Amino acid sequence: GAEGLQGWQIQYHDDAVSIFGLSAVDPETVWAVGRTAGDSPQSLALRSTDGGESWEISYPGVPTLLTCASASSDEVCWAGGYGCIVKTEDGGDTWEMRIAADGYYVTDISAVDARTCWAVGYLTASGPDFNGFIVKTEDGGDTWEVQASGIPCPLTGVCAVDGLNCWVCGGFFSPGLTWPPVPPAVAGRLMRTADGGSSWRELGEEGHAYYRLSVPDPGNVWVAGLRADLSNPWDSRTEIYRSRDGGSSWDAYPTAFGPWTYNSGGLCAVDGDTAWLAAHPYYGSNVISRSDDGGATWTAQAEGPVAFTDIAAADSMTAWACGSDPTNLGMYGRGHILHTSDGGWKPSPRIEALSPSSGMAGDDVTLSGNGFGERESFCKVRFGNLDAPVISWSDDAIACRVPDGVSPGPLEVTVITGGGASNSAPFTVEERTVIMGFVGYAAHASYLEGIRVAVHDLDGDLLAAALT
């Protein structure tokens with residue numbers, strides 16, 4: 001980070017709508033879809049051609065929610081949702097129904113251009129079998145080919161590189177926390193085609209669920225998923241799976257999103273190094289994180305006021321994230337769109353002084369500096385590798401306590417915020433001496449109350465005193 005950076009800012013907010021899907025064409029052009037709230041909801045689309053400074057609202061005319069969007073230009077946008085796919089070729093002035101199929105939930109959509117588009121989803125009435133499907137059109141949506149169906153998990157992500165190469169993912173994880181109890185279960189699919197969908201190659205591993213994917217070029221593939229531990233579901237972990245050779249080999253990296261999530265809200269990579277990840281976990285906060293090292297490490301940049309459902313980037317500096325009410329997702333509105341034009345970074349925190357600069361575990365310490373910002377759930381003060389309990393937090397001062405468990409001796413104190421890690425400040429942990437014992441015989445201790453016990457060093461200086 002650097003001075004003058006603003007990070008993520010709320011750019012659009014309407015309590016009367018829910019916003020679920022985004023698609024960025026360039027730094028100036030972005031589309032969003034969702035639905036209105038209330039007793040008679042209807043589908044909703046928004047478009048901005050000035051970087052999000054203003055938004056044009058249109059109504060595709062279907063009485064259902066739209067959950068995903070894929071725009072190939074400032075005029076052409078495809079959108080999918082419950083039982084439908086719609087399309088506009090005039091910037092949202094008019095929308096045409098391209099698929100109407102009750103019971104089919106279109107979870108993601110990816111357009112190559114105005115004529116070629118893939119979509120994935122599952123049958124809502126198929127119970128635990130899900131019956132995931134893949135469809136494709138090459139004539140603008142007049143006709144659709146079912147390329148796969150009956151897949152035993154919901155398909156939730158699709159990313160087309162061109163008319164021949166496309167990736168699809170999906171999965172579900174049930175920790176078994178129901179009554180009556182059912183065994184934990186996991187299923188997932190990670191698939192790709194290199195021949196336009198005539199054949200699909202399975203690349204996923206057993207015991208994994210794959211929720212979101214992003215493919216910025218044919219070689220670089222990013223997937224957000226989960227490695228399940230069915231013997232102890234609480235040990236299941238969300239991970240990022242990365243391939244740099246088109247899927248021939250993979251690396252797995254941990255994320256910062258709790259033990260496990262129902263779904264990753266969004267994943268968008270701009271190249272092989274840089275990507276954003278947003279999530280609405282079952283437990284924890286709604287956080288946007290960024291990686292600049294190919295997914296190996298992630299830095300939390302912002303905590304949202306809503307549950308994030310999608311994220312879209314035009315380049316490494318410009319991106320949007322959207323979400324709706326975190327407690328009634330998809331039902332009651334509070335639609336938000338957040339935006340960054342500076343890579344999502346806030347000013348870097350800087351420590352100027354510690355007062356005191358030495359002390360024992362449990363002692364209060366004040367950090368003076370700048371760029372601490374408002375405290376979000378991921379913001380922390382670290383003494384070495386331990387998090388310190390925070391008493392108060394402001395932009396230029398933090399009061400905290402030396403954490404239990406620190407070892408005596410010198411260590412470094414740092415502050416972690418959405419602007420990254422601060423400089424380190426030296427602190428010396430002093431050793432605490434504890435003297436324990438009793439006065440008189442233990443059996444008669446109750447008769448010896450009120451006796452003052454003092455401990456002095458060899459120079460006669462008082463070290464500690466207490467009353468029995």
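On a predicted model such as this, the values are computed, not experimentally measured, just so you know. Just so it is clear, the values below take in all heavy atoms, side chains as well, and ignore hydrogens, waters and symmetry mates.
For Ser316 against Trp276, the heavy-atom pair with the smallest separation is O-CH2, 3.3 Å. The nearest pair of heavy atoms linking Ser291 to Gly295 is OG-N, 2.8 Å. Considering all non-hydrogen atoms of both residues, Val158 and Trp118 come closest at CG2-CB, 3.9 Å. Between Trp95 and Ala79, the closest heavy-atom pair is CZ3-CB, 4.5 Å. Scanning all heavy atoms of the two residues, the minimum distance from Ala421 to Ile416 falls at CB-CD1, 3.6 Å. Scanning both residues, Gly170 and Cys153, for their nearest heavy atoms gives C-SG, 4.0 Å.
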For residues 354-367, tabulate all N or O donor-acceptor pairs below 3.5 Å that involve a side-chain atom, not counting sequence neighbours.
{"from": "Ser358", "atom 1": "OG", "to": "Glu430", "atom 2": "OE2", "distance (Å)": "3.3"}
{"from": "Asp363", "atom 1": "OD2", "to": "Met360", "atom 2": "N", "distance (Å)": "2.7"}
{"from": "Asp364", "atom 1": "OD1", "to": "Arg401", "atom 2": "NE", "distance (Å)": "3.0"}

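Between Tyr104 and Phe133, the ring-plane angle classifies as perpendicular under the 30° and 60° cut-offs.
For Asp14, there are no side chain to side chain donor-acceptor pair (under 3.5 Å) partners, not counting sequence neighbours. Take Glu374 and apply the salt bridge (Lys or Arg N to Asp or Glu O under 4.0 Å) test, not counting sequence neighbours, and it matches no residue. Scored by the side-chain contact (heavy atoms from CB on, under 4.5 Å) test, Thr297 finds Asp293 as partners (sequence neighbours excluded). Taking the salt bridge (Lys or Arg N to Asp or Glu O under 4.0 Å) definition, one finds that Glu205 meets it with nothing, sequence neighbours left out. Remark: Phe372 engages no residue in a ring-ring contact (aromatic ring centres under 6.0 Å, His included) (not counting sequence neighbours). Residues that satisfy the salt bridge (Lys or Arg N to Asp or Glu O under 4.0 Å) test with Asp292, not counting sequence neighbours, are Arg290. Listed by chain and number, the residues in a side-chain contact (heavy atoms from CB on, under 4.5 Å) with Leu230 are Phe173, Pro184, Val186, Ala228 (sequence neighbours excluded). With sequence neighbours left out, Trp31 forms a ring-ring contact (aromatic ring centres under 6.0 Å, His included) with no residue at all. Asp251 is linked by a salt bridge (Lys or Arg N to Asp or Glu O under 4.0 Å) to Arg244, counting only residues two or more places apart in sequence or in another chain.
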Note to self: Set out, in order, the CA-CA distance, both residues' side-chain angles and the distance that settles side chain to side chain contact (heavy atoms under 4.5 Å, CB included) for Phe378 and Glu303, then state yes or no.
What the structure shows: CA-CA 8 Å; Phe378 52 82; Glu303 183 178 21; 4.0 Å; yes
| request: Go through the steps for Asn165 and Asp162 under the test side chain to side chain donor-acceptor pair (under 3.5 Å), then give the verdict. | output: CA-CA 5 Å; Asn165 294 277; Asp162 51 41; 3.1 Å; yes
**Asked** Which is it for Ser324 and Val306 under the side chain to side chain contact (heavy atoms under 4.5 Å, CB included) test, yes or no, and what are the steps along the way?
**Response** CA-CA 5 Å; Ser324 296; Val306 293; 5.5 Å; no
(Q) Evaluate Met97 against Cys84 for side chain to side chain contact (heavy atoms under 4.5 Å, CB included), listing each step before the verdict. (A) CA-CA 7 Å; Met97 183 75 75; Cys84 71; 3.7 Å; yes
- prompt: Could you walk me through whether Ser110 and Asp108 pass the side chain to side chain donor-acceptor pair (under 3.5 Å) check?
  reply: CA-CA 7 Å; Ser110 184; Asp108 202 11; over 6 Å; no
Q) Which is it for Tyr211 and Leu267 under the side chain to side chain contact (heavy atoms under 4.5 Å, CB included) test, yes or no, and what are the steps along the way? A) CA-CA 9 Å; Tyr211 295 137; Leu267 171 67; over 6 Å; no
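With rounding to the nearest 0.5 angstrom, the OG atom of Ser394 is 12.5 Å from the CZ atom of Arg375. The distance from the OH atom of Tyr241 to the CG atom of Leu213 is 13.0 Å, given to the nearest 0.5 Å. Interatomic distance, CG of Leu203 versus SG of Cys169, reported as 11.5 Å (0.5 Å rounding). Going from atom CG of Asp271 over to atom CG of Asn220 covers 7.5 Å, rounded to the nearest 0.5 Å.
Residues in residues 53-75 take part in these salt bridge (Lys or Arg N to Asp or Glu O under 4.0 Å) pairs, two or more places apart or across chains: Arg47-Glu56, Arg47-Glu75. Every pair passing salt bridge (Lys or Arg N to Asp or Glu O under 4.0 Å) that includes a residue from residues 377-389 is listed here, sequence neighbours excluded: Lys380-Asp387, Arg382-Asp387.
Of the possible donor and acceptor atoms, one in the side chain of Lys87 sits under 3.5 Å from a partner among the backbone N and O of Ala114. Remark: the backbone N or O of Trp8 is not paired with any side-chain donor or acceptor of Thr340 at under 3.5 angstrom. Judged by distance alone, with hydrogens and angles left aside, the side-chain atoms of Thr318 form no donor-acceptor pair with the main-chain N or O of Asp315 at under 3.5 Å. A side-chain donor-acceptor contact under 3.5 Å links Ser243 to the backbone of Ser249. A donor-acceptor pair is defined here as one N or O able to donate and one able to accept, closer than 3.5 Å; no such pair exists between the side chain of Thr309 and the backbone of Gly265. Listed for the Trp393 side chain is a donor-acceptor partner under 3.5 Å among the backbone atoms of Gly373. Counting only distance, with no hydrogens or angles, the side chain of His339 and the backbone of Ile337 share no donor-acceptor pair below 3.5 Å. Between the Ser422 side chain and the Val415 main chain, a donor and an acceptor come within less than 3.5 Å of each other. No donor-acceptor pair closer than 3.5 Å links the side chain of Thr238 to the backbone N or O of Thr255. Side chain of Glu89 to main chain of Val76: no donor-acceptor pair is present (N/O by atom type, distance under 3.5 Å, no hydrogens or angles).
Neither side chain, Thr49 nor Thr29, offers a donor N or O lying under 3.5 Å from an acceptor on the other. For the residue pair Asn232 and Asp229, no side-chain donor N or O sits within less than 3.5 Å of a side-chain acceptor on the partner. Side-chain contact, Glu352 with Ser368: no donor N or O sits under 3.5 Å from an acceptor N or O.
Relative to the ring axis of Trp200, Arg192 does not place its NZ or CZ within 45° and under 6.0 Å from the centre.
With a 4.5 Å cut-off on side-chain heavy atoms, Val221 and Trp250 count as touching. Under the 4.5 Å side-chain criterion, counting only non-hydrogen atoms from C-beta, Cys68 is in contact with Val106. Side-chain atoms of Leu155 and Ile134, non-hydrogen and from C-beta on, do get closer than 4.5 Å to each other. Within the 4.5 Å cutoff, the side chain of Gln11 has heavy atoms near those of the Trp320 side chain. Looking at heavy atoms from C-beta onward, Gln6 lies in side-chain contact with Asp342 at the 4.5 angstrom threshold. Side-chain atoms of Gln301 and Trp345, non-hydrogen and from C-beta on, do get closer than 4.5 Å to each other. Annotation: side chain of Arg242 is in contact with side chain of Trp222 (closest heavy-atom distance under 4.5 Å). Put simply, the side chain of Thr116 does not reach to within 4.5 Å of the side chain of Thr137, judged on heavy atoms.
Atom CD of Glu202 is surrounded by more than 12 heavy atoms from other residues, nucleotides or ligands within 6.0 Å.
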